[in-house]
Amino acid sequence: MQHYSFLSLARNALTNHQNWQAAWRSPPLKDRYDVIIIGAGGHGLATAYYLAKNHGVTNVAVLEKGWLGGGNVARNTVTIRSNYMRDESIPFYVKTVSLYDGLTKDLNYNLMYSKRSMIDVVQTYPKLREIRRRMLHMDLYGATYEPIDVAELRRRIPSLTGGGPGSRLPVIAGMVHTDAAVCRHDAVAWGYARAADDHGVEMHQNTEVRELLRDANGAICGVETNRGTVRADKVAVVVSGHTTTLTETVGLRLPLKTFNLTAFVSEPVKPLIDVVVNCPDIGVYLSQSDKGELVIGGAPDPGQSFRRDIKQNVFEDAVCAMLELFPAFRRLKLMRQWGGSLDMAHDASPIVSTTDIPGLFVSAGWWGGFKAIPAGGFTLAHLIANDEPHPLIAPFGLDRFNHLDFILESGTTIAR
Amino acid sequence: MLLLTCPFCGPRDESEFAHGGYARKQRPDNPQMMSDDAWVDYLTVPDNPMGPVREKWWHVRGCGTYFTVERDTRTHDITDEGESHAS
């Protein structure tokens with residue numbers, strides 16, 4: 001792998017940037033691998049990277065029906081944080097934040113990682129109680145959550161001029177999560193892809209898996225793609241919203257529903273907000289990108305959906321909510337919008353698990369999965385290599401549903 | 001945005017409605033008599049088709065009727081206007 005550095009940049013500048021190596025190879029598709037990972041998104045590529053790096057499993061193919069990093073890793077709001085509720089969840093997300101902290105160096109790829117606090121703007125007492133309860137939980141695991149008063153909140157977010165005492169929902173407090181960060185989403189996919197490729201992992205784009213294949217004993221033996229049959233004894237389904245579409249080809253039903261979650265960006269403006277602002281009571285969150293655009297997200301569409309578009313009423317709800325607190329933003333033009341298919345488990349926690357079908361692994365239920373990419377890949381790789389879950393992900397197996405042993409995380413983001 | 005047909009009020013804009021959740025199958029009469037697998041399946045595993053799904057809507061900013069429709073998850077077409085759950 002060509003090492004990226006200031007020196008390599010200077011050297012290539014001398015040759016007019018004509019001699020850079022491709023970031024990853026495009027080898028021919030073999031008919032057999034040790035491990036097939038379906039989905040070259042953040043989680044799939046991270047899994048491939050950690051399989052090769054931590055476990056020495058390098059005969060791996062990542063199959064992607066579209067282009068690399070074109071799914072939900074390109075369709076999110078790049079927020080990285082660890083303010084969750086449950087004893088099982090918080091250590092996992094603390095791990096993911098710590099992996100992100102060192103990822104630019106680990107991958108030798110500039111993620112434009114920007115540590116910035118997330119501030120919850122609290123407007124109702126029930127939410128304040130819920131969030132203080134989360135604060136006490138998070139204290140146990142080393143994640144930060146600190147209450148601030150309204151004057152301090154308005155000092156840190158000067159453009160938050162709405163929500164005064166006479167408004168429908170006056171701002172009553174703030175909660176600061178200093179571990180939060182944002183980064184460049186494409187760089188996460190490309191950085192993992194480049195580093196995985198360096199370890200010998202193959203990525204195959206435009207290779208759509210149509211069906212999972214089982215052998216006579218019922219174990220997984222490969223996949224049927226638009227480019228022919230590819231065999232492997234271990235197959236991991238890491239395809240977000242289309243998880244059930246694939247697993248149902250071998251009769252495996254999963255406790256997942258697919259939703260459409262949307263976001264949109266404004267025109268670029270000068271530096272205005274240097275934190276991630278989250279407004280759980282009215283249902284909107286936003287941050288400002290390096291380009292100056294405000295990145296704004298709201299709630300998912302009501303009901304299951306495989307559409308990756310934005311519904312006018314969902315969009316209007318988010319904009320109206322934002323304007324209640326940030327009335328000055330009414331003059332901003334909005335430039336782009338997008339939606340992504342995400343799957344949500346029955347208890348709103350992720351599933352990283354073996355299945356009833358030997359050799360078949362699933363990593364699903366990652367609504368808000370961008371933040372979880374490093375630890376999700378790290379733990380899934382451990383599970384695939386050892387057939388034993390990593391302790392951080394052990395509570396998130398499918399068997400929790402058999403025992404009705406739910407890890408309820410509903411309500412810990414706007415997105416549900 | 002959907003145009004939902006309330007059984008009482010007729011076709012109305014989606015913004016008048018709240019989503020009432022996935023329309024489950026009939027609750028089993030005797031869960032104690034079922035296998036654990038079947039009970040867990042009923043409780044936790046929804047249909048998640050790329051196609052028609054049955055769901056409830058509540059005309060909360062209208063007459064208050066709950067009703068079930070069948071909607072295609074790929075197109076948002078209402079494929080069956082369903083029936084009301086008038087109490």
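Lettering follows sequence order; numbering is per chain, from 1.
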S.K.: Taking the six-membered ring for Trp and the full ring for Phe, Tyr or His, determine whether the centres of B/Phe67 and B/Phe17 are under 6.0 Å apart.
M.R.: yes
S.K.: Is it true that B/Ser15 and B/Asp13 share a donor-acceptor pair across their side chains at a distance under 3.5 Å?
M.R.: yes
S.K.: Quick one: what part of A/Phe315 sits under 4.5 Å from any heavy atom of chain B, side chain, backbone, both or neither?
M.R.: neither
S.K.: Between B/Arg54 and B/Glu70, does at least one N-O distance fall below 4.0 Å, as a salt bridge requires?
M.R.: yes
S.K.: Taking atom types as modelled and ignoring hydrogens, do the side chains of A/Ser89 and A/Glu409 form a donor-acceptor contact shorter than 3.5 angstrom?
M.R.: yes
S.K.: For A/His242, is it the side chain, the backbone, both, or neither that has a heavy atom closer than 4.5 Å to a heavy atom of chain B?
M.R.: side chain
S.K.: Sort A/Leu254 into side chain, backbone, both or neither according to what part of it lies under 4.5 angstrom from a heavy atom of chain B.
M.R.: backbone
S.K.: Taking every heavy-atom pair that is under 4.5 Å apart, which of A/Ala345, A/Pro255, A/Ser341 has the most such pairs with chain B?
M.R.: A/Pro255
S.K.: Have B/Glu14 and A/Asn313 got a donor and an acceptor in their side chains that come within less than 3.5 Å?
M.R.: yes
S.K.: If you check every heavy atom in residues 40-50 of chain B against those of chain A, which residues fall under 4.5 Å?
M.R.: B/Val40, B/Asp41, B/Leu43, B/Thr44, B/Val45, B/Pro46, B/Asp47, B/Asn48, B/Pro49, B/Met50
S.K.: Salt bridge (Lys or Arg N to Asp or Glu O under 4.0 Å), that's the test. Do B/Arg71 and B/Glu55 meet it? Break it down for me.
M.R.: CA-CA 8 Å; B/Arg71 177 181 56 84; B/Glu55 62 188 10; 2.6 Å; yes
S.K.: Please classify the contact between A/Thr245 and chain B as side chain, backbone, both or neither, with a heavy-atom cut-off of under 4.5 Å.
M.R.: side chain
S.K.: Assess the pair B/His59 and B/Phe8: is the distance between their ring centroids shorter than 6.0 Å?
M.R.: no
S.K.: Between A/Arg400 and A/Asp347, does any NZ, NE, NH1 or NH2 come within less than 4.0 Å of an OD or OE carboxylate oxygen?
M.R.: yes
